[in-house]
Number of protein chains: 2
Amino acid sequence: MGRNRATLADVARRAGLSKTAASMVLNGREGTRLSAEAHQRVFAAAEELGYRPNLAARSLRTRKTATIAFVSDIVATTRFAGGLIRGALDAARERDHVLLITETQGDATFEQYAIEAMLDRQVDGVIYAAMATRRLTVPPAILGGPVVLLNATSADGLPCVLPDDDRAGRSVAAALLEHGHRDAIALIGRNRLKEDDPEVSLAARARLGGIQQALDEAGVSLLAECFCTEWLPEHGYAAMRGLLSRPSRPSAVICMNDRLAFGAYQALGEAGLSVPDDISVISFDDDPIAAWLRPSLATTALPHEQMGRRAVELLLDGGPAEPSLVAMPLRRRRSLAPPAG
Amino acid sequence: MGRNRATLADVARRAGLSKTAASMVLNGREGTRLSAEAHQRVFAAAEELGYRPNLAARSLRTRKTATIAFVSDIVATTRFAGGLIRGALDAARERDHVLLITETQGDATFEQYAIEAMLDRQVDGVIYAAMATRRLTVPPAILGGPVVLLNATSADGLPCVLPDDDRAGRSVAAALLEHGHRDAIALIGRNRLKEDDPEVSLAARARLGGIQQALDEAGVSLLAECFCTEWLPEHGYAAMRGLLSRPSRPSAVICMNDRLAFGAYQALGEAGLSVPDDISVISFDDDPIAAWLRPSLATTALPHEQMGRRAVELLLDGGPAEPSLVAMPLRRRRSLAPPAG
DNA sequence: ATGCTCTGCTAAATCAGTTTAGCGGCCACT
DNA sequence: AGTGGCCGCTAAACTGATTTAGCAGAGCAT
């Protein structure tokens, strides 16, 4: 890989100058007294030789590698990770940096390995990402340098990037209110564990809080709340069946994520009910599936790309110490309509 | 990041030996005549100081970085990428390597940038991955070192890893035949562009070929074939509606991927038909959605993890020159049943 | 003539490893 | 006695960059 590359010494020789001069010129150092002609010669030589600096050599001296570690529990390989990585990749490229990606799979041994591998390679900083928005404990080994938490917080008060789930909750509720739903709104996806343990989830509590606040302000209370052990389609399906077996049918349902909503759609389809004519549905995440459903599912998008981007910006450019909340845009789609009758 | 790390010189000093000796011992060099006691002292010193070699320094001399570039067109950030990256990550870790990930987004400028960034960092090899299984042209710049194509082939005869779509096609057809379907099998997802242009897709042609071969051998021919401009749910939906409007209804449908099948399910649901009682459905990819559908969708899994793993193995350990085909396991699920009547 | 500053540039040290060449001591053999 | 080889180890070169310290020459003032 990359044999026969021209070195700085080659450039200097061709320009008839010293390595020092060549280095100064190519790095655009101010305050040097090298002549305009020397600059010309160095640039020309570098150009002709197709010179590119050896970053290993440079970083040996400067202790900068222009490399960022992206360490995640498991996020890197799930569908949710794509946007995070893409955003981070874009922002990194704009700053001439590159991403070294590892995954711990929640395994302490792997985590240890991943972190050592990163430190051995002298990364300039670490982005520590979690699949589920949650609070976590950062391994002390990485605290020696800049760290940004992505989709996570910690007790250490480290800079972090989170989706604004609270506001998303409010906008989801507001969207239903706008359509005239008031007294027959049900909620699918309550979950004590997710709501109460920040190490499991921060999203559940924030979404719920946002929803309730918006409803309270409108003087509305929920018709029903379904608890789900997980937020998977089968649980949404079961919850919706439960709702439909009750005497009073909801006019609208909020699902805590799109997978629950998918399951809810399945139950509605089987029951011969129509979305949105019989029941409106709205949800969270904007999983690709939301746009594929018939009718397409209104939801609030997890702004993964933005979040990834923000994490890199925070890491390299610095920023305010408080948690960086990224807005979750509401995707208005066909699953919303005014209540029947 | 990583300040105050002990250096080899520190270890040597503490062991009362030279850097040379320390280096030899820690690298387990054979044929050195250092005493057992010297070994002990070096190991002890390294242990006590928590010594970890500076890889930048090492690679400056050895021109090995224990780093692999993972360059993809766009794969790294899609749901399909997860497995590829995870498999690669696992195999890399087992070999004490790490992955530098970049994405070209199909943009020549980005690709140029990505490749230079990799070469500047002296990666030991490049995995060049494509989102869609296809033939592509490898940028000459990376041909200076080891390259493995992942989910792609090229005209250069480079080592490559591909899913075995042909065999998957045969096993899909075989599964339907096993269930007794013969004269009423329809196919959704024919697409001339994908089938004829290897730079667009290799999968379409291979899957189709496998299906037809298996059917031919059984003396069966397709009841109908639906062409789709894309392989998205809406196209599967439209195709299935088309099929249902024909005089003779198929007893089984093969979809060229799970997203088409998802659309087909939607059309069947609306038509009040049941899977698998009225129509069996089988497909390709094993998208997560396949298991979430009701009834769960039989499909052949794209072995992403295996493929990613294989790519790293090929790159670091070498292997046969011919394309490395990875089996696509059949997932038997509830969408299959014998034809009605 | 001497000292001083400024200009334009370079030698050499440095980063932290690996690798080559070889040193001094001891033994055995001729 | 001379010398060749082995043993156990080390000095120094080397990788390719950055950075510090400083040199030679010109111009100017004293």
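Letters A, B, ... mirror the listed sequences (proteins, then strands); counts begin at 1. Fair warning: this is a prediction, and the values are worked out from it, not measured in the lab. As a basis for the values below, the full set of heavy atoms in this structure was taken, side chains included, without hydrogen atoms, waters or symmetry mates.
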Presence of B:R58 side-chain N/O under 4.0 Å of D:dT15 phosphate oxygens OP1/OP2: no

Sugar-phosphate, base or nothing in reach of B:L17, heavy atoms under 4.0 Å: sugar-phosphate

5′-ward residue of the pair A:R52/B:G16 relative to DNA chain D: B:G16

Residue mapping more 5' on DNA chain D - nearest nucleotide basis, A:A6 or B:R41: B:R41

Atom-pair distance (OH on B:Y51; C1' on C:dG17), nearest Å: 7 Å

B:N151 and B:T133 side chains, donor-acceptor separation under 3.5 Å: yes

Evaluation steps, side-chain contact (heavy atoms from CB on, under 4.5 Å), between A:L150 and A:R310: CA-CA 9 Å; A:L150 180 50; A:R310 186 75 65 85; over 6 Å; no

Touch class at under 4.0 angstrom, heavy-atom based, for B:S23 against every strand present: base

OP1 or OP2 of C:dA16 under 4.0 Å from side-chain N/O of B:R5: no

Proximal nucleotide (of C:dG17, C:dT19, C:dT10) relative to the A:A21 side chain: C:dT10

Minimum-distance nucleotide (side-chain atoms of B:R61 versus C:dT19, D:dA17, D:dT10): C:dT19

Atom-to-atom span, CD of B:E37 to C1' of D:dC7 - whole angstrom: 15 Å

Nearest-Å distance for atom pair CG/C1', residues B:L8 and C:dG17: 7 Å

Separation of D:dT15 C1' from A:D10 CG (nearest whole Å): 13 Å

Rounded distance (Å) that lies between atom P of C:dA16 and atom CG of A:D120: 14 Å

Candidates C:dA13, D:dC9, C:dC15 - which lies nearest the side chain of B:R33: D:dC9

Test item: side-chain donor near acceptor, B:D96 and A:Y113, under 3.5 Å: yes

Separation of C:dC15 C1' from A:Q122 CD (nearest whole Å): 10 Å

Heavy-atom check, side chain of A:L26 versus side chain of A:Y51, under 4.5 Å: yes

Among D:dA13, C:dC9, D:dG16, the nucleotide that comes nearest once only the side chain of B:K19 is considered: D:dA13

Per A:N27 side chain, nearest of listed nucleotides D:dT18, D:dT10, D:dG16: D:dT18

Phosphate contact (D:dC9 OP1 or OP2) by B:S35 side-chain N/O below 4.0 Å: yes

Distance-only donor-acceptor test, B:T20 side-chain atoms vs C:dT19 base atoms, 3.5 Å: yes

Distance in angstrom units between A:N54 CG and C:dA16 P, rounded: 16 Å

Interatomic distance where CG belongs to A:L26 and C1' belongs to D:dG16 [whole Å]: 13 Å

Contact check, side chains of A:M131 and A:S72, non-hydrogen atoms, under 4.5 Å: no

Nearest-nucleotide pick for A:T62, side chain only, options being C:dC9, D:dT18, D:dA17: D:dT18

Phosphate OP1/OP2 of C:dA16: any B:T7 side-chain N/O under 4.0 Å: no

Minimum-distance nucleotide to B:A57 side chain [options: D:dT20, C:dA16, D:dT10]: C:dA16

C:dT18 phosphate, OP1 or OP2, under 4.0 Å from B:R63 side-chain N/O: no

Cationic tip of A:R93 above B:F110 ring, under 6.0 Å, 45° of axis: yes

Sugar-phosphate, base or nothing in reach of B:A56, heavy atoms under 4.0 Å: nothing

